[in-house]
*Asks:* 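Structure below; questions to follow.
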Amino acid sequence: MTDSTDLGAEDRKIVTLARSARARNGVPEGAAVRDETGRTYVAGTVELESLRLSALRTAVAMAVASGATSLEAAAVVSEAQTPSDEDRAAVRDLGGAGTPVLLAGPDGVLRVTVTAG
């Protein structure tokens, strides 16, 4: 395990934003993505009767809806031990197979970094 403070400043920022979204909204997951221009998109889990999206898929959708054409990195804060295949696929669709996906626990400690591919 690596503390998120061992990350670069930009990656640490998206982990912090994801953690804040989770806590602020009282949802199971928080996520943040950084696009090709450095803009960040932050989201929490969406659980409506007619729509269910993970935090990371919501953040990717927000980036696409705002005109992003690529992703530099993604972060999710969750109790999970690894990012889901669906989350990695959403990141891969916009960012490509090599886009890093950072997974941290609710305490902000980085659990794993995987690629979207």
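This one's a predicted model, so the numbers in the text were calculated from it and none came from an experiment. All values below were derived from every heavy atom in this structure, side-chain atoms included, with hydrogens, water molecules and symmetry-related copies excluded.
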*Asks:* Are Ile14 and Val33 close enough, and set up right, to give a side chain to side chain contact (heavy atoms under 4.5 Å, CB included), and what steps lead you there?
*Replies:* CA-CA 7 Å; Ile14 62 172; Val33 298; over 6 Å; no
*Asks:* Below 4.0 angstrom, N of the basic side chain to O of the carboxylate: do Asp11 and Arg34 qualify?
*Replies:* yes
*Asks:* Which pair of non-hydrogen atoms, one from Ser78 and one from Pro106, has the smallest distance, and what is that distance?
*Replies:*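 Distance-wise, the nearest heavy atoms are O-CD, 3.5 Å.
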*Asks:* Check Ala59 against Ala43 and note the closest heavy-atom contact, atom names and distance.
*Replies:* N-CB, 3.7 Å
*Asks:* Side-chain atoms of residues 44-53: list all donor-acceptor pairs with protein atoms under 3.5 Å, sequence neighbours left out, distances to 0.1 Å.
*Replies:*
unit_1: Thr45; atom_1: OG1; unit_2: Glu29; atom_2: N; d: 3.0
unit_1: Thr45; atom_1: OG1; unit_2: Glu29; atom_2: O; d: 3.3

*Asks:* Scan the side chains in residues 92-104 for donor-acceptor partners under 3.5 Å anywhere in the protein, sequence neighbours excluded, and list what turns up.
*Replies:*
unit_1: Arg92; atom_1: NH1; unit_2: Ala116; atom_2: O; d: 2.7
unit_1: Thr99; atom_1: OG1; unit_2: Gly95; atom_2: O; d: 2.8
unit_1: Thr99; atom_1: OG1; unit_2: Gly96; atom_2: O; d: 3.1

*Asks:* In the hydrophobic cluster built from side-chain contacts under 4.5 Å, what are the other members alongside Leu17?
*Replies:* Val42
*Asks:* Are Val112 and Val77 connected in a single hydrophobic cluster, I mean Ile/Leu/Val/Met/Phe/Trp/Tyr linked by side-chain heavy atoms less than 4.5 Å apart?
*Replies:*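 No, Val77 does not connect to Val112 through the hydrophobic network.
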*Asks:* Listed by chain and number, what are the side-chain contact (heavy atoms from CB on, under 4.5 Å) partners of Arg88, not counting sequence neighbours?
*Replies:*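 Pro83, Asp85, Val114.
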*Asks:* Could I get the full list of side chain to side chain donor-acceptor pair (under 3.5 Å) partners for Arg22, not counting sequence neighbours?
*Replies:*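 Per chain and number, Arg22 pairs via side chain to side chain donor-acceptor pair (under 3.5 Å) with no residue.
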*Asks:* Supply the atom-to-atom distance Leu71 CG to Tyr41 OH, rounded to the nearest 0.5 angstrom.
*Replies:* 9.0 Å
*Asks:* Under the salt bridge (charged side-chain N to carboxylate O under 4.0 Å, His left out) rule, collect the residues that match up with Arg57, sequence neighbours excluded.
*Replies:* Asp87
*Asks:* Can you list everything that forms a side chain to side chain donor-acceptor pair (under 3.5 Å) with Thr69? Sequence neighbours excluded, please.
*Replies:* Glu36
*Asks:* Please find the pair of heavy atoms, one from Leu56 and one from Ala75, that lie closest to each other, and give the distance.
*Replies:*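 So the two residues come closest at CD1-O, 4.1 Å.
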*Asks:* Residues two or more places apart in sequence or in another chain: which of them pass side chain to side chain donor-acceptor pair (under 3.5 Å) with Thr37?
*Replies:*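 Only Asp35, Arg39 meet the side chain to side chain donor-acceptor pair (under 3.5 Å) criterion with Thr37.
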